2 protein chains.
Amino acid sequence: MASPLARKRISESTIHRLSLYYRTLSLLEKENYETVSSKELAKREKLTPAQVRKDLSFFGSFGTRGLGYNVNELKSKIESILGINRDWKVALIGVGNIGSALVSYKEFAKQGFHIIKLFDNDQRKIGSNHKGIIVSDIKNLDSEIKEAGITMVILAVPATVAQYIVDDVVKAGVTAILNFAPINLRVPPTVHLRNENMSMELEYLSFAMVNNHAPKKSK
Amino acid sequence: MASPLARKRISESTIHRLSLYYRTLSLLEKENYETVSSKELAKREKLTPAQVRKDLSFFGSFGTRGLGYNVNELKSKIESILGINRDWKVALIGVGNIGSALVSYKEFAKQGFHIIKLFDNDQRKIGSNHKGIIVSDIKNLDSEIKEAGITMVILAVPATVAQYIVDDVVKAGVTAILNFAPINLRVPPTVHLRNENMSMELEYLSFAMVNNHAPKKSK
DNA sequence: GTGACCATGTGAAATGGTTCACAAGAAGTA
DNA sequence: TACTTCTTGTGAACCATTTCACATGGTCAC
Ligand SMILES: NC(=O)c1ccc[n+]([C@@H]2O[C@H](COP(=O)([O-])OP(=O)(O)OC[C@H]3O[C@@H](n4cnc5c(N)ncnc54)[C@H](O)[C@@H]3O)[C@@H](O)[C@H]2O)c1
Ligand SMILES: NC(=O)c1ccc[n+]([C@@H]2O[C@H](COP(=O)([O-])OP(=O)(O)OC[C@H]3O[C@@H](n4cnc5c(N)ncnc54)[C@H](O)[C@@H]3O)[C@@H](O)[C@H]2O)c1
């Protein structure tokens, strides 16, 4: 039972699994499934049925005993839990190798993450057009972020400058940052920070190969 | 004490933290630190000293009581634990947006991950040169992977074809895969698979913002 | 409407990971 | 050498997450 007031802390892994359920439900929807059981949902993402039910139970009881979950309904519940049933205004900072790749990725917008501003400090890039967005000068960061009402930032700049930019975007009112630079950034407790660290994953693979580490779950 | 035979299962989080320690040690080395305490190491990556010591203790006792750890020595120990003191031959499949970004990234090679082959099925890309590597036709995957002795693959193709390619690379002898496609891939138990899922991280941020979820650790 | 069946939702148990707290070892000082 | 100081390495305690197991409540066939 999920009283909206019962503010029990939800674990990171539960949230990550909700993303997986969401992905699977989108697929099931395309395959015209009406309902799905925790068993089937679990099978598709290599989890256990109990895990699926427990995860969902933190937020409410969405299923029907004897039948399972309605695909559309559960999908929309998860959308609302994850907050991807709304539109997020996102700025991408650092239009280099990885930055350019991210701008071109259409799936983000489909999930409500709209990259509406690009920033760089390279004169050759400023003013250029990426998928319909003109690259802004980083000097105008503060005013442009505030004017556009941006709350989320994807950071794809070199590690050496990442902290300075973080300090600036935080001042401009951003409360969520997805960072690609391999560095531990300092943010105030009101700001949410996630790191995408690809080297870490390669190193994990390397470790697993060297140590014959039994592959358990992929993430 | 780490007898090499005491094959206790090491947790994923411990391995991930070793990557962080490695990153910090590389930095400390540049800053000419001789030694470092678990306290300092912890501070730099927002962890606790006890966590640092416990993680390291699974693999041996590398420190000196009263003094701390020798930076160079510990760095090299971690390199050896993670298996990044050797050279890995890597193939990248799918030279699109994200694939191109990854080929250009020089840090991977510095950590022993050498991308030596590129594959695609797009005739316009096959034969083209990326950072000195000619893109091969995916048709020649099997023979070229075997001949080059490649054991690791980075997969940056659309989700729709990812499973087919995985089946092929596994047949060709690859035992580690870093997958960027948002899909749950099936691999035999002998093959190590990791997924890089950026949408998941954006969704986590979205959840955190909507729910005022206390930011604890960034990953 | 009745009964057989099925899958959820959830306390309780089991497992796994983190933090505590301290004995013990090493360095430096006198 | 003896004493102080410092920080490691590690069982034990604690806390979090996963799995188990079953009562509950709903479906569906007849
Ligand atoms: N390319 C990859 O595959 C990859 C993989 C893992 C991590 N990363 C990390 O992602 C980040 C970006 O990598 P990249 O390969 O795209 O690098 P890149 O050099 O291609 O791009 C960085 C961009 O940031 C811009 N920039 C630099 N300083 C700036 C500033 N002060 N303000 C605004 N913009 C600034 C540069 O002009 C450039 O366009 C790095 O931290 C890198 O370590 C990249
Ligand atoms: N671009 C991003 O920022 C981003 C972010 C998250 C996830 N991803 C995922 O990464 C993957 C690649 O994304 P992208 O944006 O680079 O796409 P893309 O279309 O730019 O690149 C895909 C590449 O794979 C090649 N390809 C297609 N079928 C192939 C086959 N059968 N054999 C060999 N090569 C084949 C294409 O020719 C193309 O070069 C996708 O699964 C996507 O969902 C991308």
Side-chain angles (χ1 to χ4, degrees), chain A residues 1-3 6-18 20-21 25 28 33-71 73-74 77-78 81 213-214 216-219, chain B residues 1-3 6-18 20-21 25 28 33-71 73-74 77-78 81 213-214 216-219:
Chain A
M1 256 314 133
S3 140
R7 317 247 13 159
K8 206 179 165 302
R9 202 194 149 76
I10 305 294
S11 79
E12 174 174 323
S13 8
T14 291
I15 304 308
H16 277 166
R17 283 190 299 267
L18 288 185
L20 299 181
Y21 305 150
L25 288 164
L28 289 167
Y33 277 72
E34 275 275 312
T35 58
V36 64
S37 64
S38 59
K39 198 174 158 194
E40 172 70 13
L41 216 37
K43 206 182 102 204
R44 296 229 181 186
E45 292 290 354
K46 287 204 221 72
L47 302 164
T48 65
Q51 180 83 85
V52 173
R53 295 200 299 275
K54 179 65 86 177
D55 283 339
L56 296 176
S57 80
F58 293 133
F59 302 98
S61 25
F62 309 129
T64 308
R65 288 164 196 230
L67 190 61
Y69 304 88
N70 177 284
V71 171
E73 196 183 307
L74 184 57
K77 287 281 184 196
I78 294 182
I81 295 166
H213 206 241
K216 274 263 115 170
K217 305 210 181 111
S218 87
K219 193 161 185 183
Chain B
M1 255 313 132
S3 139
R7 317 248 12 164
K8 205 177 166 303
R9 203 194 148 75
I10 306 294
S11 80
E12 175 174 321
S13 6
T14 291
I15 304 308
H16 277 168
R17 283 190 298 268
L18 287 186
L20 299 181
Y21 305 150
L25 288 164
L28 289 167
Y33 277 72
E34 274 275 311
T35 59
V36 63
S37 64
S38 59
K39 198 175 159 195
E40 173 70 13
L41 216 37
K43 205 182 103 203
R44 296 229 180 186
E45 293 290 354
K46 286 202 221 79
L47 303 164
T48 66
Q51 181 82 84
V52 173
R53 294 199 300 274
K54 178 66 87 178
D55 283 339
L56 296 176
S57 80
F58 294 133
F59 302 98
S61 27
F62 310 128
T64 307
R65 287 164 196 229
L67 192 60
Y69 304 89
N70 177 285
V71 171
E73 197 183 304
L74 184 57
K77 287 281 184 197
I78 293 182
I81 294 166
H213 205 243
K216 275 262 114 171
K217 304 211 181 112
S218 87
K219 194 165 183 176

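Just so it is clear, the structure is predicted and the values come from calculations on it, not from any experiment. In what follows, every chain begins at residue 1, and chains take the letters A, B, ... in the order their sequences are listed.
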Write down the distance between [atom1] ([X]) and [atom2] ([N]), rounded to a whole number of angstrom.
X     : N      : atom1 : atom2 : answer
A:L67 : C:dT8  : CG    : P     : 9 Å
A:H16 : D:dT18 : NE2   : P     : 12 Å
A:L56 : D:dT18 : CG    : P     : 13 Å
A:F59 : C:dG9  : CZ    : P     : 14 Å
A:E12 : D:dT17 : CD    : P     : 10 Å
A:K43 : C:dA7  : NZ    : P     : 13 Å
A:K39 : C:dG9  : NZ    : C1'   : 18 Å
B:F62 : D:dT8  : CZ    : P     : 14 Å

Does any part of the side chain of [Y], heavy atoms only, come nearer than 4.5 Å to the side chain of [X], both counted from C-beta?
X     : Y     : answer
A:R53 : A:Y69 : yes
B:Y21 : B:V36 : no
A:I10 : A:F59 : yes
A:T35 : A:T64 : no

*Kindly give the heavy-atom pair with the smallest separation between A:P49 and A:A42, and that separation in Å.*
N-CB, 3.5 Å

_Heavy-atom closest pair, residues A:T14 and A:D55_ = OG1-OD1, 3.0 Å

*Could you say whether A:T48 or A:G66 is positioned toward the 5' end of DNA chain D, judged by the nucleotide with the nearest heavy atom to each?*
A:T48

*Starting at the 5' end of DNA chain D and moving along, which residue's nearest nucleotide shows up first, A:R65 or A:T14?*
A:T14

*Would A:K77 and A:E73 pass as an ion pair if we require N to O under 4.0 Å?*
no

*Please evaluate the base of D:dT8 for a donor-acceptor partner in the side chain of B:R53 within a cut-off of under 3.5 Å?*
no

Would you say [X] reaches [N]'s phosphate, i.e. side-chain N/O to OP1/OP2 under 4.0 Å?
X     : N      : answer
A:Q51 : D:dT19 : yes
B:S38 : D:dT8  : yes
B:Y69 : D:dG9  : yes

*Between A:K54 and B:I10, which is nearer to the 5' end of DNA chain C once each is assigned its nearest nucleotide?*
A:K54

*Would you mind reading off the bend of the helix from C:dG1-D:dC30 to C:dA30-D:dT1 from its two end axes, five pairs each, to 10 degrees?*
20°

*For the side chain of A:T64, counting heavy atoms from C-beta on, which of D:dG26, C:dG9, C:dC20 is nearest?*
D:dG26

